[in-house]
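See structure below.
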Amino acid sequence: MRENEPVTSATRRPETPASTVPPRLIATDLDGTLLRDDKSVSERTVAALAAAEEAGIEVFFVTGRPARWMDVVSDHVHGHGLAICGNGAAVVDLHGGPGAHRFVKVRELERENALDAVRLLRDAAPGTVYAVEQTYGFYQEPAYPKLHMEVPDSLAPAEKLLAPDAVGADEPVLKILAYHPEIDPDAFLTLARLAVGDRANITRSSPSALLEISGPGVSKASTLALCCAERGISHEEVVAFGDMPNDVEMLTWAGRSYAMGNAHPDVLAAASGRTVANNEDGVAVVIERILAERL
């Protein structure tokens, strides 16, 4: 979901927040968190995930990625086989494997809200270009850069892509991607949130000025909370991991949370603990410690 470049150079020894509640669920981001920069899952991490599941701790992948990009971890789902994709816009059953996933829950961005966001952000930041992520389709404006290494299903201005008679109009919109070639990424995020207000939820997971716009109230945290409520799991029983602003709400919500050593400053401030960087298997380091504490 992002370019392979570090956000910060911070690498600290893992710090474990105090907790007396045994964890029942691990929620982890993928890019920059569970995955190494080459998008691989290390053998150590695979073993840690399997050990957590064997110990009765559910593992949820919670990512900004669309469902079609989940092949990188589809071999590592256990039990429930579910993942939260699109920053909370969808809960997906990955058991079918790449290309055969099933949408269990969709929290769409209404087209009226999407069009409002496009208009307001164009006014606030001239030069912004857009792409539209739907359940199965990906559409973009002609000027939108090739950030995702895929061929769009259609090219047109965002207003036409989001029109009631657009190609794919029968599919829910999961999120809009907004890119600006010049504005500082954090400044772009602040500007967009002020401009769009409560019409949508806006975050980012890329080092570039690429924003992700979802429905009002839709985030990794809110969808994870729904999934936990269905399982009778409280937020105190959740351990979460992340590295970028789209993880902040989830890390704040979880009873225990860890910022990666390579995390954005806002994530370091939000999390209750820290672990080492993604390339040093920071998620596995913490899982191993949690399991050792249960012995």
Side-chain angles (χ1 to χ4, degrees), residues 1-5 30-31 39 63-72 85-90 92 98-99 101 103 106-185 187-189 191-193 195-196 199-216 218-219 244-246:
M1 200 65 187
R2 64 175 64 82
E3 298 87 343
N4 289 332
E5 57 185 84
L30 295 181
D31 297 278
K39 306 305 177 187
T63 178
R65 286 181 173 230
R68 66 183 177 280
W69 288 7
M70 295 300 289
D71 57 305
V72 68
C85 298
N87 291 328
V92 183
H101 52 264
F103 286 90
V106 172
R107 304 181 68 196
E108 68 181 293
L109 170 61
E110 297 291 344
R111 288 173 183 263
E112 182 178 353
N113 289 59
L115 286 166
D116 282 346
V118 166
R119 173 180 55 82
L120 291 166
L121 192 49
R122 277 203 205 280
D123 291 343
T128 300
V129 291
Y130 297 92
V132 179
E133 186 75 63
Q134 297 183 212
T135 44
Y136 292 100
F138 179 76
Y139 311 89
Q140 69 177 60
E141 295 189 319
Y144 187 84
K146 293 182 179 180
L147 298 173
H148 311 293
M149 304 299 290
E150 61 183 318
V151 178
D153 296 293
S154 181
L155 290 172
E159 291 81 359
K160 289 189 176 181
L161 296 175
L162 294 166
D165 59 350
V167 175
D170 57 336
E171 279 185 48
V173 174
L174 298 183
K175 64 179 179 179
I176 298 174
L177 300 166
Y179 175 80
H180 200 285
E182 298 175 355
I183 301 177
D184 171 80
F188 191 32
L189 177 58
L191 181 150
R193 285 174 169 172
V196 175
R199 294 171 178 82
N201 188 54
I202 305 178
T203 190
R204 74 178 188 90
S205 61
S206 170
S208 63
L210 178 65
L211 305 183
E212 300 164 66
I213 304 174
S214 305
V218 175
S219 68
M244 286 296 281
N246 64 330

Whether the side chain of [X] engages the backbone of [Y] through a donor-acceptor N/O pair (distance < 3.5 Å, no angle test) should be reported.
X	Y	value
R65	M70	no
Y139	A156	no
K175	G64	yes
Q140	V132	no
E133	I176	no
D153	G137	no

Could you measure the distance from the [atom1] atom of [X] to the [atom2] atom of [Y]? Nearest 0.5 Å is fine.
X	Y	atom1	atom2	value
I202	I213	CD1	CD1	4.5 Å
T128	E182	OG1	CD	10.0 Å
N113	L162	CG	CG	11.0 Å
Y144	L155	OH	CG	12.5 Å
L109	Q134	CG	CD	10.0 Å

(message) Please identify which of these residues, N87, T203, N246, meets the side chain to side chain donor-acceptor pair (under 3.5 Å) condition with E212.
(response)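 Only match with E212 under side chain to side chain donor-acceptor pair (under 3.5 Å): N87.
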(message) Walk me through whether Y136 and F103 qualify under ring-ring contact (aromatic ring centres under 6.0 Å, His included).
(response) CA-CA 10 Å; Y136 292 100; F103 286 90; 5.2 Å; yes
(request) Sort and list the pairs that fulfil salt bridge (charged side-chain N to carboxylate O under 4.0 Å, His left out) and have at least one residue in residues 157-169, not counting sequence neighbours. (result)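 Counting only pairs at least two positions apart or across chains, the salt bridge (charged side-chain N to carboxylate O under 4.0 Å, His left out) contacts touching residues 157-169 are R122-E159.
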